[in-house]
S.K.: 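Sharing a structure, written as structure tokens. Questions coming.
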Amino acid sequence: MSDPTDSVSIPPSTAAAARRGSSVWLWLVVLALIGAGGWYGWRQWQQREVSEREAAADGAQRLDALEQRVDGLRTNQDAQNRRIVQADSTNRVLRDELHGIGQRAALIEDSVSKLADPNRHGAQAMRLDETELLLTLGQQRLQIAGDLEGARRAYILAGGVLDGIDDPAYLSLRQTLLQETAALKELGIEPRMQAMAKLDALAQSLSLPQDTAKPAVAEPAPWWRRAFGTLIETQPVNRTVASHPADRAAALAGLQLEISLARAAAERHDADGYKIALKRAEQWVQRLSAPSPTQDKQLASLRELAAMPLSLTVPTLGTTLQQLRQLRTAAH
């Protein structure tokens, strides 16, 4: 017995339509799958992009934090380096001070040991120090200040101190000191003081003509001076000698000024200024009077004063001090 459906035949158009419908649904399904895959891929890409951005931002933050930490470490390192340099400087200063303290302690110990040494006689060493100081002061007073009297006193005091030393090794030193003290006593007055005294005497002698310049009784003027004195002024042809009372007063004041300048130069040991002032004083003397024996005497006095030395020259000065230092150096 046959199936009834086998005898039913499907029209060709219906079969083609069914096939087209199935193909359309197939394409729709394929397109849906493609769309779903694309959407899923876009979502994955978007999430990956967000993750990468977050990772980049996190990396940037970490990099900034790391740079800040590096900057902080550099700052700390610089501060540590400065502290180390300061510590080195402080240690160096302390080391130098400690070294200086050690040197001073060694000097003090040496001084104490020398004073405690019975062979050196501490009192004798102190007397020698005092003698050396007095000799140095005397030499400086004479060379720097020109104080002859002060130098003599210093040498006399040094002799008194040296007499208290009973060591025969210093016998020749005492003899040298006596010779040098005697040489200072033989110098007499200091040349500078002599020059100043002679300048004062010369200034007093030159001031006398000013009072005697006016005669006691005025001579009568000639008739032509009495007649034409108010109209005509006569002057001598030779103007090298001051004849008018005002000119003589001015010349005498200039001479006194130059003598005062010479005296001031002598006080400060200015030999050049002293000679220049006396040279100008000669011109004022020639201005005050005509050539005469009195003028020649005054000029000779000025030239003699200009030739005088203002400082002492003692060839043996400092011999005792040099010998004392040599003896003390040999004793060490």
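Sequential numbering from 1 along the given sequence is applied to the chain's residues. No hydrogens, no waters, no symmetry mates; every other heavy atom, side chains included, goes into these values.
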S.K.: What distance do L261 atom CG and L257 atom CG have between them, rounded to the nearest 0.5 Å?
M.R.: 4.5 Å
S.K.: Closest heavy-atom contact between L288 and A251?
M.R.: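 For L288 versus A251, the nearest heavy atoms are CD2-CB, 3.6 Å.
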S.K.: With a 4.5 Å cut-off on side-chain heavy atoms, are L252 and W284 touching?
M.R.: no
S.K.: Run the numbers on E149 and R152 for salt bridge (Lys or Arg N to Asp or Glu O under 4.0 Å), then give the verdict.
M.R.: CA-CA 5 Å; E149 188 62 28; R152 289 171 179 169; 3.6 Å; yes
S.K.: If you group Ile, Leu, Val, Met, Phe, Trp and Tyr by side-chain heavy-atom gaps below 4.5 Å, do Y170 and L134 land in one group?
M.R.: no
S.K.: Check the pair E67, D64 against side-chain contact (heavy atoms from CB on, under 4.5 Å), reporting the backbone distance first and the verdict last.
M.R.: CA-CA 5 Å; E67 290 179 353; D64 293 338; 4.2 Å; yes
S.K.: Within the 4.5 Å heavy-atom criterion, are L135 and R325 side-chain neighbours or not?
M.R.: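 Counting from C-beta outward, L135 and R325 never come under 4.5 Å.
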S.K.: Would you say the side chain of E282 lies within less than 4.5 Å of the side chain of Q298, judging by non-hydrogen atoms?
M.R.: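 In short, these two side chains do not touch, never coming nearer than 4.5 Å.
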S.K.: Give a yes-or-no answer on whether the side chains of E180 and T319 include a donor-acceptor pair shorter than 3.5 Å.
M.R.: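 Distance-only check fails for E180 and T319.
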S.K.: With the side chain counted from C-beta on, respond yes when L171 and Q175 share a heavy-atom pair under 4.5 Å apart, and no when they do not.
M.R.: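 They are not in side-chain contact.
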S.K.: Under the criterion side-chain contact (heavy atoms from CB on, under 4.5 Å), I'd like the reasoning laid out for I156 against R153: C-alpha separation, chi angles, the key distance, then a yes or no.
M.R.: CA-CA 5 Å; I156 292 173; R153 292 177 182 176; 5.7 Å; no
S.K.: What I'd like to find out is whether the side chain of Y155 reaches to under 4.5 Å of the side chain of L177, using heavy atoms alone.
M.R.: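 Yes, their side chains come closer than 4.5 Å.
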S.K.: Is L178 close to R174 at the side-chain level, that is, under 4.5 Å between some pair of heavy atoms?
M.R.: no
S.K.: Quick check for you: to the nearest 0.5 Å, what is the distance between Q139 atom CD and R141 atom CZ?
M.R.: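 Output value for this atom pair is 13.5 Å.
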S.K.: To check you understand the geometry: which heavy-atom pair defines the closest contact between Q286 and Q295, and what is its length?
M.R.: CA-NE2, 3.3 Å
S.K.: If I take atom CD from residue Q322 and atom OG1 from residue T176, how far apart are they, to the nearest 0.5 angstrom?
M.R.: 10.5 Å
S.K.: Check D58 with R62, please: is the shortest side-chain N to carboxylate O separation under 4.0 Å?
M.R.: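 Counted as a salt bridge, because a side-chain N and a carboxylate O are separated by less than 4.0 Å.
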S.K.: Are L299 and L199 connected, step by step, through hydrophobic side chains (Ile, Leu, Val, Met, Phe, Trp, Tyr) whose heavy atoms are closer than 4.5 Å?
M.R.: yes
S.K.: With a 3.5 Å distance limit and no angle check, can you tell me whether Y274 reaches the backbone of L305 through a side-chain donor-acceptor pair?
M.R.: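 Side chain of Y274 to backbone of L305: a pair is present.
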S.K.: Give, for atom CD of Q103 and atom CG of D96, the distance between the pair rounded to the nearest 0.5 Å.
M.R.: 10.0 Å
S.K.: If every non-hydrogen atom of Q323 is compared with every non-hydrogen atom of S172, which pair is closest and at what distance?
M.R.: NE2-OG, 3.2 Å
S.K.: Go through the steps to decide whether R48 and E52 satisfy the test side-chain contact (heavy atoms from CB on, under 4.5 Å), and finish with yes or no.
M.R.: CA-CA 6 Å; R48 188 169 57 254; E52 290 178 355; 3.8 Å; yes
S.K.: Side chains of L278 and E258: does their closest heavy-atom pair fall under 4.5 Å?
M.R.: no
S.K.: Do L133 and E130 make a side-chain contact, defined as non-hydrogen atoms from C-beta onward lying under 4.5 Å apart?
M.R.: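 SC-SC contact between L133 and E130 ruled out.
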S.K.: So, taking the atom named CD in E132 and the one named CG in L137, what distance separates them when rounded to the nearest 0.5 Å?
M.R.: 10.5 Å
S.K.: Do I165 and L327 sit in one hydrophobic cluster, given that two such residues count as connected whenever their side-chain heavy atoms are within less than 4.5 Å of each other, even indirectly?
M.R.: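 In one cluster with I165: L327, yes.
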S.K.: Does one hydrophobic cluster hold both V285 and M308, with members joined at side-chain heavy-atom distances below 4.5 Å?
M.R.: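 Both belong to a single hydrophobic cluster.
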S.K.: What closest approach, in Å, do A154 and G138 show between heavy atoms, and which atom pair accounts for it?
M.R.: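 Closest heavy-atom pair between A154 and G138: CB-CA, 3.6 Å.
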S.K.: How long is the straight-line distance from OG1 of T294 back to CG of D296, given to the nearest 0.5 Å?
M.R.: 8.5 Å
S.K.: Starting from L107 and following side-chain heavy-atom contacts under 4.5 Å between hydrophobic residues (I, L, V, M, F, W, Y), which residues can be reached?
M.R.: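 L107 shares its hydrophobic cluster with no other residue.
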